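I have placed the structure first, in the form of structure tokens, so that the comments after it can refer back to it.
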Amino acid sequence: MRRVIAHVDMDAFYVSAELERRPELRGLPVVVAGTGPRAVVTTASYEARQFGVFSATPASRARRLCPQAIFLPPDFDHYRARSREVMAVLHDHVEHVQVVGLDEAYLDLTPFERPKPAARRIKHAVRERTGLTCSIGIGPNKLVAKVASDADKPDGFTVLSREMACERFAGASPGLIPGIGPKTVVRLELEGITTLGALAATSDERLAELFGSRLGPHLRRLACFEDERPLELDRRAKSESRETTFDADIEGVAALEPILDRLAGELCATLVKQNSRGRTIGIKVRLDDFSTHTRARTRPEPTNDVDVVRAVATELLRAFDPQRPVRLLGVRVAGLDEEFEARRQLELSV
DNA sequence: TCTGGGGTCCTAGGACCC
DNA sequence: TCTGGGGTCCTAGGACCC
């Protein structure tokens with residue numbers, strides 16, 4: 001089935017949402033970042049990016065790189081509200097929309113006789129109704145659309161066929177592809193594969209030896225911009241978690257338990273509000289050496305009872321008994337969609 | 001320069017069952 | 001005396017994404 005997919009990517013979304021409330025900051029380097037000593041940058045304005053400040057840059061480093069930048073604490077309630085406005089515009093124009101996070105969405109433009117003008121109209125409508133700009137990429141699948149939307153930011157509009165994408169990015173690093181991360185880039189480099197063109201030209205047999213029978217050939221297909229994934233229109237969360245990184249490491253289970261209680265309380269309050277329950281309760285512990293450890297236990301029946309979640313999480317923490325200072329503690333409930341999935345399977349079977 | 005918070009998916013190994 | 005093969009569930013770790 002020949003498809004036309006668009007990827008809509010809001011430009012520096014959190015910063016743009018802040019600038020609407022603080023227009024006097026337009027044109028300045030603005031950084032949305034947490035305030036603690038271990039905070040990282042959530043979003044940087046394009047002015048700040050010129051100083052080498054990007055998402056995930058430690059805030060301390062960002063301050064050094066760009067001391068004149070305006071630092072704003074994140075206000076996710078505001079970003080969520082603005083995101084709903086943006087997504088409403090998209091839904092007004094297109095039947096099939098896959099929302100990805102607060103600032104991205106895939107659109108199925110296949111039904112449009114003239115998809116490009118339709119996408120132009122959507123781009124203008126987003127700006128009219130929200131005051132925010134986005135970049136749009138159009139292609140035959142999600143991968144091409146996504147890479148195209150990134151190719152001409154901000155306020156971009158890029159249309160690519162699969163062949164054009166292959167040609168245009170043949171000399172680019174494999175890390176350009178979403179799904180090929182830093183670890184894989186290094187492993188490819190060690191094999192002398194430094195470009196997408198080289199990856200596309202590597203045999204499945206060789207890649208399977210290096211990366212396994214599934215991931216190996218998958219990497220080559222990505223490099224060829226082959227992607228048959230459908231849009232996922234009604235995704236349900238499978239897990240929900242709360243975690244916190246301490247300003248200074250904490251030692252000993254006794255000092256950690258009150259924090260675990262608080263996290264479990266916040267998590268269960270959300271689950272109860274959503275009326276969702278899960279069977280698997282887990283903890284996450286990051287030590288001072290940045291090693292991350294998880295422990296989990298699955299129960300016969302799903303729960304969102306704070307007493308149950310607290311009790312299980314505490315047991316798991318006591319059993320793990322970290323022997324080094326702890327920098328992060330988290331609680332998680334998973335298997336949230338099992339009841340929903342079971343019902344869906346049942347409906348399919350009748 | 002040390003590295004957030006909230007997620008998803010994959011893999012590998014062990015338990016257990018038929 | 002030596003040791004099947006498949007399937008499912010569960011745990012832990014890791015890569016990756018926004």
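Everything quoted here is computed from the prediction, not taken from an experiment. To find a chain, count down the sequence lines: A is the first, B the second, and so on, and within it residues start at 1. Below, each value reflects all heavy atoms present in this structure, side chains not excepted, and no hydrogens, waters or symmetry copies.
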Using a cut-off of less than 4.0 Å, is there contact between a side-chain N or O of A:Arg332 and OP1 or OP2 of B:dG7? no

Ignoring the backbone of A:Val40, work out which of B:dG4, C:dG13, B:dG7 is nearest its side chain. B:dG4

Just to be sure I understand the rule, does A:Thr184 reach a base, reach only the sugar-phosphate, or reach nothing, if contact means heavy atoms closer than 4.0 Å? sugar-phosphate

Within the pair A:Thr298 and C:dT11, is there a side-chain N or O less than 4.0 Å away from OP1 or OP2? yes

Any A:Arg295 side-chain N or O less than 4.0 Å from OP1/OP2 of C:dG13: yes

Any side-chain N or O of A:Lys142 under 4.0 Å from OP1/OP2 of C:dC17? no

Hey, does A:Ile180 reach any base, or is it just sugar-phosphate, or nothing, if we go heavy atoms under 4.0 Å? sugar-phosphate

So, OP1 or OP2 of B:dT11: does either fall under 4.0 Å of a side-chain N or O from A:Arg214? yes

Can you see if the side chain of A:Arg286 gets near the phosphate of B:dG4 - specifically, an N or O under 4.0 Å from OP1 or OP2? yes

Of the listed nucleotides B:dT1, C:dT11, C:dA15, the one nearest the side chain of A:Arg297: C:dT11

Under 4.0 angstrom, heavy atoms only, what part of the nucleic acid is A:Arg235 near: base, sugar-phosphate, or nothing? sugar-phosphate

Under 4.0 Å between any heavy atoms, over every strand shown, what does A:Gly34 touch: base, sugar-phosphate, or nothing? Just pick one. nothing

The answer to which of A:Thr244 and A:Glu232 contacts DNA chain B further toward the 5' end, by nearest nucleotide, is A:Thr244

Taking only N and O in the side chain of A:Ser239, is any of them less than 4.0 Å away from OP1 or OP2 of B:dT8? yes

Side-chain N or O of A:Thr294 closer than 4.0 Å to phosphate OP1/OP2 of C:dG13: yes

Ranking C:dT11, C:dC16, C:dC18 by distance to the side chain of A:Pro182, first place goes to C:dC16

